[in-house]
Amino acid sequence: WVVSDRPVSRDTLLESDAEGAVRQTPEELPSRAADNLFWLGRYVERAENAIRLTRAYHLRLAEAATANAELLAAVAAHLSALGAEPGDGFPPGLQQMLDSAANAASRVRDRFPNDGWNALSDLDRTIAGMMTTARPGDDMARSMSVLVRKLSGFSGLVHENMYRFTGWRFLSIGKALERAYLLASLLIDLCDDAAPDGSMDFALEAADSVMSHRRRYAVSTRRETVVDLLALDPLNPRSIIHQINAVETHVSFLPNAEPHQQLSPLQRLLLETRAMLATRTPDGVATEVLVGIKGKIAALSDTLGLAYFR
């Protein structure tokens, strides 16, 4: 069990209210439920990332009329590495991500709003129709836009309606870690000096940060501005450091994270990861630095699992 300050047995989890009814306090959570909520957050974020990338890919495919363009080949390789290889039809890997999210959600249905479950079910029905109808190019891009809206609807329902107990924090940590990891992967592949022309604009579009870039910078897209916005800007929810800051806040409310205690291994690793970002300027975030940050984020997931999911 995961509780507000220490693991306890099931017998201690129940208490009586003023009328004598037995209830379970909201901070108490079985470790298996915490694990499923964490992975629900990760799978949902992973699917949204793949959907946005697939949409941007097919918009450019419609313009280029061939998948052999250098940028499209680079993006296809990036998608393949994420398990969502584009092809002639709906990406099977994307369906698998959403199936994994639904499977995790089915194990914790009593811990998030019914409307959230209904939104996932509606998403599944929508995908079933797209599997046989969506075609490469504009049609696939429009299909991906529908999925973005529906998946964002699920995330919004959960965020607005879910009780702010320990389970919500594990779900939020999962989403934040996955987004940070995928942003690091995106910057490594598309903001490297060897990346093809148009890669940085593609990265901004996939990260839903085109308008933010236009408002913040009075120059055309450059590596420094893209890295600043997507890695180092704490006010951009589509930046790595914003997500690391969010994880740090959530972890501070988890068991064994008292403010006056020695930092836990998870807290120390979070501090190291945030320092790698907060102490750098955009021109100091080379590709090898991003690779190191990506490795730290992966280690954060492992360390969290060792601390709470055993």
Just verifying a value: how many Å separate Leu229 CG and Met200 CE, rounded to the nearest 0.5 Å?
13.0 Å
When you group the ILVMFWY residues by side-chain heavy-atom contacts below 4.5 Å and let the links chain together, are Leu151 and Leu147 in the same group?
yes
Considering all heavy atoms of both residues, which atom of Leu230 and which atom of Ala207 are nearest to each other, and what is their separation?
CD2-CB, 3.8 Å
Answer yes if Met140 and Leu123 sit in the same cluster of Ile, Leu, Val, Met, Phe, Trp and Tyr residues linked by side chain heavy atoms under 4.5 Å apart, and no otherwise.
yes
Taking Arg223 for its side chain and Cys191 for its backbone only, find out whether a donor-acceptor pair lies under 3.5 Å.
yes
CG (Leu37) and OG (Ser172) are apart, to the nearest 0.5 Å, by 9.5 Å
Between Arg32 and Asp35 (salt bridge meaning N to carboxylate O under 4.0 Å), is one present in this structure?
no
Between Arg179 (side chain only) and Pro237 (backbone N and O only), is there a donor and an acceptor less than 3.5 Å apart?
yes
Backbone N/O of His242 and side chain of Ser239: donor-acceptor pair under 3.5 Å:
yes
Min side-chain heavy-atom separation Pro86-Leu79 under 4.5 Å:
yes
Report the distance from atom CZ of Arg274 to atom NZ of Lys296, rounding to the nearest 0.5 Å.
13.5 Å
Check Pro234 against Asn245 and note the closest heavy-atom contact, atom names and distance.
CB-ND2, 4.1 Å
May I have the step-by-step check of side-chain contact (heavy atoms from CB on, under 4.5 Å) for Ile188 and Val291, ending in yes or no?
CA-CA 7 Å; Ile188 289 168; Val291 171; 3.9 Å; yes
Is the backbone of Val285 close enough, under 3.5 Å, to the side chain of Arg280 for a donor and an acceptor to pair up by distance?
no
List the atom of Tyr308, the atom of Ser31, and the distance in Å for their closest heavy-atom pair.
O-CB, 3.3 Å
Got a sec: does the CD of Gln261 have more than 12 other heavy atoms crowding it under 6.0 Å?
yes
Could you state the interatomic distance from CG (Leu94) to CD (Gln96), rounded to the nearest 0.5 Å?
9.5 Å
Would you tell me whether Arg42 and Ser301 have side-chain atoms, one donor and one acceptor, within less than 3.5 Å of each other?
yes
Mark yes or no for whether Tyr43, through its side chain, and Ala105, through its backbone, hold a donor-acceptor pair below 3.5 Å.
no
Is there a side-chain contact between Leu254 and Phe170, using heavy atoms and a 4.5 Å cut-off?
yes
Using a 4.5 Å cut-off on heavy atoms from C-beta on, say whether the side chain of His58 contacts that of Met144.
no
Is there side-chain contact between Phe38 and Glu178, with at least one heavy-atom pair below 4.5 Å?
no
Between CG of Leu186 and CZ of Arg238, what distance do you get to the nearest 0.5 Å?
11.0 Å
Separation between CG of Asn49 and OG1 of Thr54, rounded to the nearest 0.5 Å
9.0 Å
State, with a plain yes or no, whether a side-chain heavy atom of Gln243 is found less than 4.5 Å away from one of Ile297.
no
State, to 0.1 Å, how close Ala180 and Ile244 come at their nearest heavy-atom pair, and which atoms those are.
CB-CD1, 4.3 Å
Neighbour count above 12 (heavy atom, 6.0 Å) for Glu224 CD:
yes
Does Leu300 reach the side chain of Tyr181, with side-chain heavy atoms less than 4.5 Å apart?
no
Heavy-atom side-chain proximity of Leu171 to Arg111 below 4.5 angstrom
no
Does atom CG of Asp197 have more than 12 heavy-atom neighbours from other groups under 6.0 Å away?
no
Cluster question for you: counting only ILVMFWY and a side-chain heavy-atom cut-off of under 4.5 Å, with indirect links fine, are Trp39 and Met162 together?
yes
Go through the steps for Phe90 and Thr132 under the test side-chain contact (heavy atoms from CB on, under 4.5 Å), then give the verdict.
CA-CA 8 Å; Phe90 193 92; Thr132 57; over 6 Å; no
Find out if a path of hydrophobic residues (ILVMFWY) with successive side-chain heavy-atom gaps under 4.5 Å connects Leu40 to Ile127.
yes
Using only heavy-atom distances, determine whether the side chains of Tyr217 and Asp228 contain a donor-acceptor pair under 3.5 Å.
yes
Among the clusters formed by ILVMFWY side chains lying less than 4.5 Å apart, do Val210 and Leu183 turn up in the same one?
yes
Looking at Glu48 and Arg52, is any side-chain nitrogen of the basic one under 4.0 Å from a carboxylate oxygen of the acidic one?
yes
Lys175 and Ser155: side-chain contact (heavy atoms from CB on, under 4.5 Å), yes or no, with the steps?
CA-CA 10 Å; Lys175 283 181 63 67; Ser155 298; 3.6 Å; yes
Looking only at heavy atoms, what is the nearest atom pair of Trp168 and Tyr163, with distance?
CB-O, 3.4 Å
Smallest separation among heavy atoms of Ala84 and Met97, with atom names:
CB-CE, 4.0 Å
Going through the checks in order, is the side-chain contact (heavy atoms from CB on, under 4.5 Å) test met by Glu205 and Leu59?
CA-CA 11 Å; Glu205 183 177 340; Leu59 284 172; 3.5 Å; yes
Distance-only polar pair, side chains of Thr221 and Asp201, donor-acceptor under 3.5 Å:
yes
For the residue pair Leu182 and Leu82, establish whether any side-chain heavy-atom pair is separated by less than 4.5 Å.
yes
